[in-house]
**Q** 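A single structure is presented below for examination.
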Amino acid sequence: MVEQAQQAGKSEIYRTLLESTKAIPWQIDWKSATFSYIGPQIEALLGWSADSWKTAVDWADRIHPDERQHVVEYCMAQSASGIDHEADYRALTADGRHVWIRDVVHVIRDEAGEVNSLVGFMFDISERKVNEDRIDELQKTLMALSYQDGLTGVANRRRFDELLAAEWEKSRATGAPLSLIMGDIDLFKAYNDRHGHLQGDDCLKAVAACLKAAAMRPRDLVARYGGEEFAILLPETTRSEALAVAERCRLAIAEGSIVHSDNRLPSMSFGVGTRCDDDCIDMRDFVEAVDRKLYAAKSGGRDAIVA
Ligand SMILES: Nc1nc2c(ncn2[C@@H]2O[C@H](COP(=O)(O)OP(=O)(O)OP(=O)(O)O)[C@@H](O)[C@H]2O)c(=O)[nH]1
């Protein structure tokens, strides 16, 4: 009698403890797939009353459709194999929102070793998920910034080098032409001396914008190669198409100006090269050859294109 009373007292303590935690305890009978217990705290979290959780189907129906199939299949397979497991998913609330849940599941076996029931805790991990999403976003932003020129916003040298290597390999493998334009602002030192370094910076930004507007295909890449030199990588672009892009760049700059001061932009010289099947030289030699053409355009009088 005393033992029974003690036992009942203990159960009461356990229940009080279970129902005062933030984690939500639950139990499912494996054979009938019905809830034998779920903590009343579930209502505060999701809005569904404890007695509305009758079967495993109620649980599955309240999982976000994007992860429902995966989560249900995974939990069923682990449970059937008698393996403790956990799953993260968005649970539907009674008012149509979703809350990120981590369900931690323990498999209880009977004396014969057969799965008898599942017991677990649901944890509200929405705050953690929000933080994880923020960290993911920050990482993406950092990644993008590490490939961007801080002044002009176009790709930086690092991005250019990586993409050139990748596009070079693609071009070699497929035989598709790959073109490169190298452009350098003419007499930029004099421009800086006349207008000041800050106006020089604005000039670089305006030039970058003109080049971006001229290289329009999705795979084209405008990069700041260094100082006042820019590179434009043009995958699957023939020599004559690349020449047309270079001419568009030259004209855009001739017509462009710095927005706030209305100062005209200095002219720009360009070298253009195309990797074709028959002149499969080394990638570095290719870049150097295009650079030599650029300097030929400079020594020929500037504001010119040499292909
Ligand atoms: N404002 C500004 N100037 C820069 C930047 N990077 C390089 N420059 C300047 O660009 C100028 C390049 O001068 P040079 O290499 O002598 O060539 P140039 O005067 O353009 O003459 P050519 O190339 O022969 O037409 C230098 O004065 C650099 O200081 C930058 O980020 N901002």
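One-based numbering, in listed order, for ligands and for the atoms of each. Heavy-atom basis, side chains included; hydrogens, waters and symmetry copies ignored. The structure displayed is predicted, hence computed values, not measured ones.
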**Q** What's the shortest distance from atom 22 (P) of ligand 1 to any protein heavy atom, and which residue and atom give it?
**A** Lys298 NZ, 3.4 Å
**Q** Taking non-hydrogen atoms only, is Arg224 closer than 4.0 angstrom to ligand 1 via side chain, backbone, both or neither?
**A**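 The answer is the side chain.
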**Q** Looking at non-hydrogen atoms alone, which of Ser267, Pro266, Gly227, Gly196 comes nearest to atom 7 (C) of ligand 1?
**A** Gly227
**Q** Hey, is ligand 1 close enough to Leu187 that some N/O pair sits below 3.5 Å?
**A**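 Yes, Leu187 has an N/O under 3.5 Å of an N/O on ligand 1.
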**Q** I need the atoms of ligand 1 closer than 4.0 Å to a non-hydrogen atom of Gly200, numbered in the order shown.
**A** 1 (N)
**Q** Any heavy atom of His195 closer to ligand 1 than 4.0 angstrom?
**A**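 Under 4.0 Å: no for His195.
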**Q** Among all the protein's non-hydrogen atoms, which is closest to atom 10 (O) of ligand 1, and how far away is it?
**A**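 Answer for atom 10 (O) of ligand 1: Phe188 CD2, 3.1 Å.
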**Q** Determine, for Asp186 against Lys298, whether the closest basic-nitrogen to carboxylate-oxygen distance falls under 4.0 angstrom.
**A**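 Salt bridge flag = yes for Lys298 with Asp186.
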**Q** Would Ile305 and Phe188 show up in the same hydrophobic cluster when neighbours are defined by side-chain heavy atoms closer than 4.5 Å?
**A**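 In one cluster with Ile305: Phe188, yes.
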**Q** Under a 4.5 Å cut-off applied to non-hydrogen side-chain atoms, are Ile232 and Cys249 in contact?
**A**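 Contact flag for Ile232/Cys249 side chains = yes.
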**Q** Please state which protein non-hydrogen atom is closest to atom 9 (C) of ligand 1 and give its distance, to 0.1 Å?
**A**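 Going atom by atom, the protein heavy atom closest to atom 9 (C) of ligand 1 ends up being Asn192 ND2, 3.4 Å.
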**Q** Distance to the ring centre below 6.0 angstrom and angle to the axis at most 45 degrees; does that hold for Arg275 and Trp168?
**A** yes
**Q** For atom 19 (O) of ligand 1, what's the nearest protein heavy-atom neighbour? Residue, atom name and distance, please.
**A** Lys189 N, 2.8 Å
**Q** Under a 3.5 Å cutoff, is there a donor and acceptor pairing between the side chains of Gln78 and Ser81?
**A**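 No.
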**Q** Would you call the rings of Trp26 and Phe35 parallel, tilted or perpendicular, where under 30° means parallel and over 60° means perpendicular?
**A** perpendicular
**Q** Under the criterion side-chain contact (heavy atoms from CB on, under 4.5 Å), which of Met268, Met182, Lys212 is the partner of Phe230?
**A**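 Among Met268, Met182, Lys212, the one meeting side-chain contact (heavy atoms from CB on, under 4.5 Å) with Phe230 is Met268.
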**Q** Within the supplied structure, the quantity of interest is the number of heavy atoms (other residues, nucleotides, ligands) at a distance under 6.0 Å from Lys293 NZ; does it exceed 12?
**A**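 Yes, because the 6.0 Å sphere around NZ of Lys293 holds more than 12 heavy atoms from other groups.
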**Q** Show me which atoms of ligand 1 lie under 4.0 Å from any heavy atom of Asp184.
**A**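 Counting from 1, the qualifying ligand atoms are 23 (O).
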**Q** Which ligand 1 atoms are under 4.0 Å away from a heavy-atom of Arg302?
**A**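 Every atom of ligand 1 under 4.0 Å from some heavy atom of Arg302: 22 (P), 24 (O), 25 (O).
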**Q** Counting from 1, what ligand 1 atoms have a heavy atom of Leu204 closer than 4.0 Å?
**A**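 Those qualifying, in numeric order: 2 (C), 5 (C), 30 (C), 31 (O), 32 (N).
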**Q** Side chain or backbone, does Leu151 bring an N or O within less than 3.5 Å of an N or O on ligand 1?
**A** no
**Q** So, Lys170 and Glu236, do they make that salt bridge, N to O below 4.0 Å?
**A** no
**Q** Do the ring planes of Tyr74 and His70 sit parallel (below 30°), tilted (30 to 60°) or perpendicular (above 60°)?
**A** parallel
**Q** Step through the shown structure and confirm whether more than 12 heavy atoms of other residues, nucleotides or ligands are within 6.0 Å of CZ on Arg248.
**A**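 More than 12 heavy atoms, drawn from other residues, nucleotides or ligands, come within 6.0 Å of this atom.
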**Q** Would Ile185 count as being in polar contact with ligand 1, using the rule that some N or O on each side must be under 3.5 angstrom apart?
**A** yes
**Q** Give the residue and atom name of whichever protein heavy atom lies nearest to atom 32 (N) of ligand 1, and the separation in Å to one decimal.
**A**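 Protein heavy atom at minimum distance: Asp201 OD1, 2.7 Å.
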**Q** Counting only heavy atoms closer than 4.0 Å, does ligand 1 sit against the backbone of Leu198, its side chain, both, or neither?
**A** neither
**Q** Look at atom 17 (O) of ligand 1 and say which protein heavy atom is nearest, naming residue and atom and giving the distance to 0.1 Å.
**A**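 Here the closest protein heavy atom is Glu228 OE2, 3.6 Å.
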